[in-house]
Asker: 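Take this structure, written in structure tokens, and hold onto it; I'll ask about it next.
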Amino acid sequence: KLEITSKSYLSPLSTPKGEGVFSVYDDIRDKLLTIGVPENEIAYIHDAKTEAQKKDLFAKVRAGQVRVLLGSTQRMGAGTNCQQKLVALHHLDCPWRPADLQQREGRIIRQGNENAEVDIYSYVTEGTFDAYLYQLVERKQKFIAQIMTSKSPVRSAEDVDEQALSYAEIKALCAGNPLIKEKMDLDVQVAKLKVLKADHQSQKFRLQDKLLTKFPADI
């Protein structure tokens with residue numbers, strides 16, 4: 001018995017344009033057709049123009065009639081309910097915000113999925129701008145985590161959305177310069193050490209305060 005499974009590909013870039021213009025969507029579809037996936041089992045979210053068409057498309061995905069669904073973060077974000085038979089999610093590019101990645105994965109990692117385990121793939125090209133994009137998302141997520149958690153003493157963060165890249169960094173990334181990766185690793189280590197130092201100083205000040213005020217009062 002052939003088990004019908006579904007996959008979801010998410011990419012906001014190179015949306016289907018038609019008229020022979022290259023797009024990632026059409027290229028993936030052509031490759032899937034080459035390996036034997038029937039054309040009627042491949043769908044674009046962009047073909048569903050109305051809410052009724054979206055509802056019909058999602059129903060086909062839930063039933064296993066559509067095995068591969070390609071779409072963007074905006075078109076397949078909140079409100080997309082077709083997780084029942086999804087087995088894999090493919091990140092074809094990196095967005096600018098950590099919330100966008102979480103929103104994508106929320107399409108498959110959610111209640112109602114019949115599969116106990118799912119696969120999530122992220123595609124990057126070594127020596128390209130992809131490295132900086134994921135570094136930027138990682139940095140944003142760290143700032144968010146530092147602000148939201150009560151365990152870290154860091155309670156403020158700069159707005160990295162306005163950070164500008166120098167032409168030298170872009171050139172080094174495109175050339176595959178290993179020194180850029182080394183710099184990123186060192187920046188992460190330095191950030192961890194700064195947090196540990198701040199936490200140590202905070203504990204030191206709390207103990208000094210207890211020694212001068214609380215402990216004598218208790219005695």
Side-chain angles (χ1 to χ4, degrees), residues 1-16 23-29 31-33 35 37-125 130 133-152 157 160-161:
K1 179 180 178 180
L2 178 63
E3 180 182 359
I4 297 179
T5 57
S6 301
K7 296 187 178 183
S8 176
Y9 292 78
L10 283 161
S11 171
L13 302 179
S14 187
T15 54
S23 75
V24 173
Y25 287 70
D26 295 335
D27 188 62
I28 293 176
R29 181 197 60 193
K31 287 180 170 60
L32 292 172
L33 293 175
I35 63 175
V37 179
E39 186 172 4
N40 65 314
E41 296 182 358
I42 306 171
Y44 297 165
I45 188 63
H46 301 80
D47 293 335
K49 306 296 184 182
T50 65
E51 290 301 321
Q53 291 175 342
K54 283 186 179 181
K55 184 177 180 180
D56 180 63
L57 175 59
F58 294 157
K60 290 181 179 179
V61 176
R62 290 194 296 269
Q65 298 173 6
V66 171
R67 294 169 57 191
V68 179
L69 178 61
L70 296 98
S72 63
T73 308
Q74 292 75 18
R75 292 290 188 95
M76 288 171 56
T80 302
N81 184 18
C82 59
Q83 68 275 0
Q84 274 80 345
K85 297 185 182 300
L86 295 182
V87 297
L89 178 76
H90 300 257
H91 294 296
L92 297 186
D93 56 22
C94 180
W96 288 101
R97 299 175 299 182
D100 291 334
L101 283 171
Q102 295 177 354
Q103 187 67 248
R104 293 179 182 183
E105 295 178 3
R107 301 312 99 212
I108 188 172
I109 305 177
R110 59 188 298 161
Q111 292 181 344
N113 195 325
E114 299 172 0
N115 300 290
E117 296 182 359
V118 296
D119 295 320
I120 295 180
Y121 300 89
S122 297
Y123 299 94
V124 297
T125 303
D130 289 344
L133 286 176
Y134 274 100
Q135 171 71 11
L136 188 62
V137 169
E138 178 191 14
R139 187 180 302 171
K140 289 181 180 180
Q141 183 59 48
K142 286 183 177 180
F143 279 128
I144 294 171
Q146 288 175 358
I147 294 296
M148 298 300 293
T149 183
S150 60
K151 297 180 181 179
S152 172
V160 294
D161 286 326

Asker: Report the distance from atom CZ of Arg67 to atom NZ of Lys85, rounding to the nearest 0.5 Å.
Answerer: 12.5 Å
Asker: Please confirm whether the backbone N or O of Ile108 pairs with a side-chain atom of Asn113, one donor and one acceptor, at under 3.5 Å?
Answerer: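 Such a contact is found between Asn113 side chain and Ile108 backbone.
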Asker: Atom OH in Tyr123, atom NE2 in His91: separation rounded to 0.5 Å?
Answerer: 10.5 Å
Asker: What's the spacing between Lys54 NZ and Asp47 CG if we round to 0.5 Å?
Answerer: 12.0 Å
Asker: What's the verdict on side-chain contact (heavy atoms from CB on, under 4.5 Å) for Arg29 and Asp26, showing C-alpha distance, side-chain angles and the deciding distance?
Answerer: CA-CA 5 Å; Arg29 181 197 60 193; Asp26 295 335; 3.9 Å; yes
Asker: Would you compute the distance between atom NZ of Lys31 and atom CD1 of Ile28 and round it to the nearest 0.5 angstrom?
Answerer: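 So the gap between those two atoms works out to 8.5 Å.
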Asker: Which of parallel (below 30°), tilted (30 to 60°) and perpendicular (above 60°) describes Tyr25 and His46?
Answerer: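 Tyr25 vs His46 ring planes: perpendicular.
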Asker: Can you name the side chain to side chain donor-acceptor pair (under 3.5 Å) partners of Lys49, sequence neighbours left out?
Answerer: none
Asker: Looking at Leu89 and Arg104, what are the two nearest heavy atoms and their distance?
Answerer: CD2-O, 3.7 Å
Asker: Just verifying a value: how many Å separate Leu69 CG and Ile45 CD1, rounded to the nearest 0.5 Å?
Answerer: 5.5 Å
Asker: For the residue pair Leu86 and Arg107, what are the closest heavy atoms and their distance?
Answerer: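 Here Leu86 and Arg107 meet closest at CD1-O, 3.7 Å.
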Asker: Would you check if the side chain of Gln53 reaches a backbone N or O of Thr50 as a donor-acceptor pair within less than 3.5 Å?
Answerer: yes
Asker: If every non-hydrogen atom of Ala43 is compared with every non-hydrogen atom of Leu57, which pair is closest and at what distance?
Answerer: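 For Ala43 and Leu57, the tightest heavy-atom pair comes out as CB-CD1, 3.6 Å.
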Asker: What pair of heavy atoms forms the shortest contact from Asn40 to Val66, and how long is it?
Answerer: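 Scanning both residues completely, I find the closest heavy atoms to be O-CG2, 4.3 Å.
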Asker: CG/Leu70 to CG/Leu92 distance, rounded to the nearest 0.5 angstrom?
Answerer: 7.5 Å
Asker: Check step by step if side-chain contact (heavy atoms from CB on, under 4.5 Å) holds for Asp93 and Val24.
Answerer: CA-CA 11 Å; Asp93 56 22; Val24 173; over 6 Å; no
